[in-house]
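Predicted model only: the values in this text are computed from it and were never measured.
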Amino acid sequence: MRIHLVAYLARTRDGAEHGVARVPSERGRPSWHECAAVVPGYLIGQYLGVAPGPEETWSWHRPA
């Protein structure tokens, strides 16, 4: 299973919310239903790509 990044727009009680969600999926891209399961009130989203793994996130850090 891979973690994907999705920029989203969601409906809330106060109006709308937007952000980036980490969506787990076994597909090449997550489905609308997979995104809606992670983001309450999910309306639309744009696929940003596969989330970097822990080793990629800190690749600039060199051990002492």
Subject >> Atom pair CD/CD of E34 and E26 - distance to nearest 0.5 Å >> reply: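 Interatomic distance, E34 CD to E26 CD, rounded to 0.5 Å: 8.5 Å.
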
**OP:** Can you see which heavy atom on P52 is nearest to which on L5, and at what distance?
**Re:**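 Where P52 meets L5 most closely, the heavy atoms are CD-CD1, 4.4 Å.
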
Subject >> Qualifying ring-ring contact (aromatic ring centres under 6.0 Å, His included) pairs, either residue in residues 22-53, two or more places apart >> reply: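 Every pair satisfying ring-ring contact (aromatic ring centres under 6.0 Å, His included) with a residue in residues 22-53: H4-Y47, W32-Y42.
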
Subject >> Close side-chain approach of I3 to S25, heavy-atom, < 4.5 Å >> reply: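 Result no, sub-4.5 Å side-chain heavy-atom pair not found.
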
Subject >> Other cluster members, M1 - Ile/Leu/Val/Met/Phe/Trp/Tyr, side-chain contacts below 4.5 Å >> reply: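 Its cluster mates, by chain and number: none.
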
Side chains of residues 10-23: which donor-acceptor pairs under 3.5 Å do they make with residues two or more places apart or in other chains?
residue: T12; atom: OG1; partner: D14; partner atom: N; Å: 3.4
residue: T12; atom: OG1; partner: G15; partner atom: N; Å: 3.2
residue: E17; atom: OE2; partner: Y8; partner atom: OH; Å: 2.9

